[in-house]
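Side chains included, hydrogens not; waters and symmetry mates left out as well; all remaining heavy atoms used. FYI, the numbering just counts along the sequence from 1.
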Amino acid sequence: MLTQDEMKAAMKLFQYVSDEETMSLAKTVTKDQLHLVDKNEALSAILAYTESAAQLLRRKKLKREVLFRYLHGEGVPVAPTADKHTIILKVLDHWGSADYEPDFSMEDDDGNVSPLYVPLNTEQHCAAPQRETQSTVDYQAGDSWCNNALCSTSEDQEMALQFSHWFYQLLNACNPIYIACDSTEERFGPQHFFLDASISLLMVNGEASHVESAGTSDAVCKILSSLTNERQLIFNPNLDASGVKGLSDPHGMRVVIVCGTVHQKSNVIGLFEQQFGLVRDPFSENKWKIKFTRVIMSSKHSSHSPTLDFTRRMLSS
């Protein structure tokens, strides 16, 4: 159940929600079993039958724009390009919802869960005879890519492996003490991202968490490079089929998901999982560039090389 402080905060949030949307959400939450006559009654029912602040904020009718306006009204800064998941984290932090555990999912108003990260352990074969044996998963990457079906082929997987090797070699090279296995003159920089590229970074250390987000190529590059340059971290991806997943959607977007360990000097300090959205840039010789990326880093440890199934369970627990 919601705490008293969360209820008070939620009541302020619903000042930004229309009467019609509030009444509709109340019907969903109560399974339309109550006769509610106005917004106040509807809001009381919503708060009474909501199990947690995170569950409330994930509701589809609480749109990203509503949460953004609420945070602005509360004087909490958030990037205008931040996706709904990032904004939810900001709201929960503002509310002091200490019992929240990141589950990287979004719930619709029928209680169905749609993942922000691809749930790799729920793959199903899809019928697409013109392509190789494929797997399809529902995927939500911010608001604009909701409900797209992603398929995985051997070509997608090969590209994901090549991209992951290339990306982390460049990123790790920003660390002054890192010695790259492959010598290259290429340098990590904003040229590898679209101008409006976005990032959502969540760092979890025990009970504490830290969120960063940005919506320009320069800012995204700065956040990522600071991890290896200033914090002197090294990302060691698991570059096999259990640690890297490549997918694509019907519009030509490629999605790469990779996991591995995080090192600092000679110490393994945690795990990471990162997701990329890659799109060809017609204004740059049709090269693949990064449209968005999401990263979660945790101080948890593994006794063996992490897999995507393993990091998903570890990072959400």
Using the side chain to side chain contact (heavy atoms under 4.5 Å, CB included) definition, which of the options [options] pairs with [X]?
X: F272; options: P306, C259, P237; result: P237
X: E41; options: L36, T22, L34; result: L36
X: L56; options: V29, L62, V91; result: L62

For the residue pair F163 and F167, categorise the inter-ring angle as parallel (less than 30°), tilted (30 to 60°) or perpendicular (more than 60°).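 Parallel.
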H72 and F68 aromatic ring geometry - parallel, tilted or perpendicular at 30°/60° bounds: parallel
Is it the case that K289 places NZ or CZ above or below the six-membered ring of F193, under 6.0 angstrom from the centre and within 45 degrees of the axis? no
Ion pair K245/D156, N-O distance below 4.0 Å: no
Should R59 and E21 count as an ion pair when the cut-off is N to O under 4.0 Å?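 No, R59 and E21 are not salt-bridged.
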Beyond-backbone contact of [X] with [Y], side-chain heavy atoms, under 4.5 angstrom:
X: V262; Y: N236; answer: no
X: F292; Y: M253; answer: yes
X: V204; Y: H210; answer: no
X: I88; Y: K84; answer: yes
X: L201; Y: M297; answer: yes
X: Q169; Y: F235; answer: no
X: I290; Y: L278; answer: yes

Backbone N or O of [Y] within a donor-acceptor pair of the [X] side chain at under 3.5 Å?
X: E212; Y: I199; value: no
X: N175; Y: Q232; value: yes
X: H165; Y: Q162; value: no
X: N172; Y: Y168; value: yes
X: S152; Y: L247; value: no
X: S209; Y: N205; value: no
X: D249; Y: G252; value: yes
X: T293; Y: Q275; value: yes
X: S164; Y: L161; value: no
X: T228; Y: S225; value: yes

Applying side chain to side chain donor-acceptor pair (under 3.5 Å), can you list everything that pairs with D5, at least two apart in sequence or on another chain?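 None.
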Should we count [atom1] of [X] as having more than 12 external heavy atoms under 6.0 Å?
X: E20; atom1: CD; result: no
X: K222; atom1: NZ; result: no
X: R231; atom1: CZ; result: no

Where is the tightest heavy-atom contact between [X] and [Y], given as atom of each residue plus distance?
X: E6; Y: A53; answer: OE2-CB, 3.7 Å
X: N286; Y: R280; answer: O-NH1, 2.9 Å
X: V258; Y: F276; answer: CG1-CE1, 4.0 Å
X: L233; Y: Q264; answer: CD2-NE2, 3.7 Å
X: A79; Y: A214; answer: CB-CA, 4.4 Å

Is there a side-chain contact (heavy atoms from CB on, under 4.5 Å) between L170 and E186 once you walk through the steps? CA-CA 8 Å; L170 288 184; E186 191 174 10; 4.0 Å; yes
Stepwise side chain to side chain donor-acceptor pair (under 3.5 Å) test for S44 and N40: CA-CA 6 Å; S44 296; N40 289 334; over 6 Å; no
Donor on one side chain, acceptor on other, S242 and D240, under 3.5 Å: yes
If I take atom [atom1] from residue [X] and atom [atom2] from residue [Y], how far apart are they, to the nearest 0.5 angstrom?
X: S266; Y: I234; atom1: OG; atom2: CD1; result: 12.0 Å
X: E65; Y: K63; atom1: CD; atom2: NZ; result: 7.5 Å
X: K60; Y: T28; atom1: NZ; atom2: OG1; result: 11.0 Å
X: H94; Y: Y70; atom1: NE2; atom2: OH; result: 4.0 Å
X: D281; Y: W288; atom1: CG; atom2: CH2; result: 11.5 Å
X: R64; Y: I87; atom1: CZ; atom2: CD1; result: 4.0 Å

Check step by step if side-chain contact (heavy atoms from CB on, under 4.5 Å) holds for W166 and H192. CA-CA 11 Å; W166 167 84; H192 300 123; 3.6 Å; yes
Pair R294-L202, side-chain contact (heavy atoms from CB on, under 4.5 Å): steps then yes or no: CA-CA 8 Å; R294 293 188 174 86; L202 171 63; over 6 Å; no
Candidate pair E155 and R254, rule side-chain contact (heavy atoms from CB on, under 4.5 Å), full reasoning: CA-CA 11 Å; E155 180 183 351; R254 298 287 182 95; 3.2 Å; yes
Side-chain heavy atoms nearer than 4.5 Å, only ILVMFWY residues, links allowed to pass through others: does that put [X] and [Y] together?
X: V268; Y: L171; value: no
X: L71; Y: M11; value: yes
X: L195; Y: V220; value: no

Going through the checks in order, is the salt bridge (charged side-chain N to carboxylate O under 4.0 Å, His left out) test met by K12 and E74? CA-CA 9 Å; K12 293 183 67 175; E74 292 291 293; 3.0 Å; yes
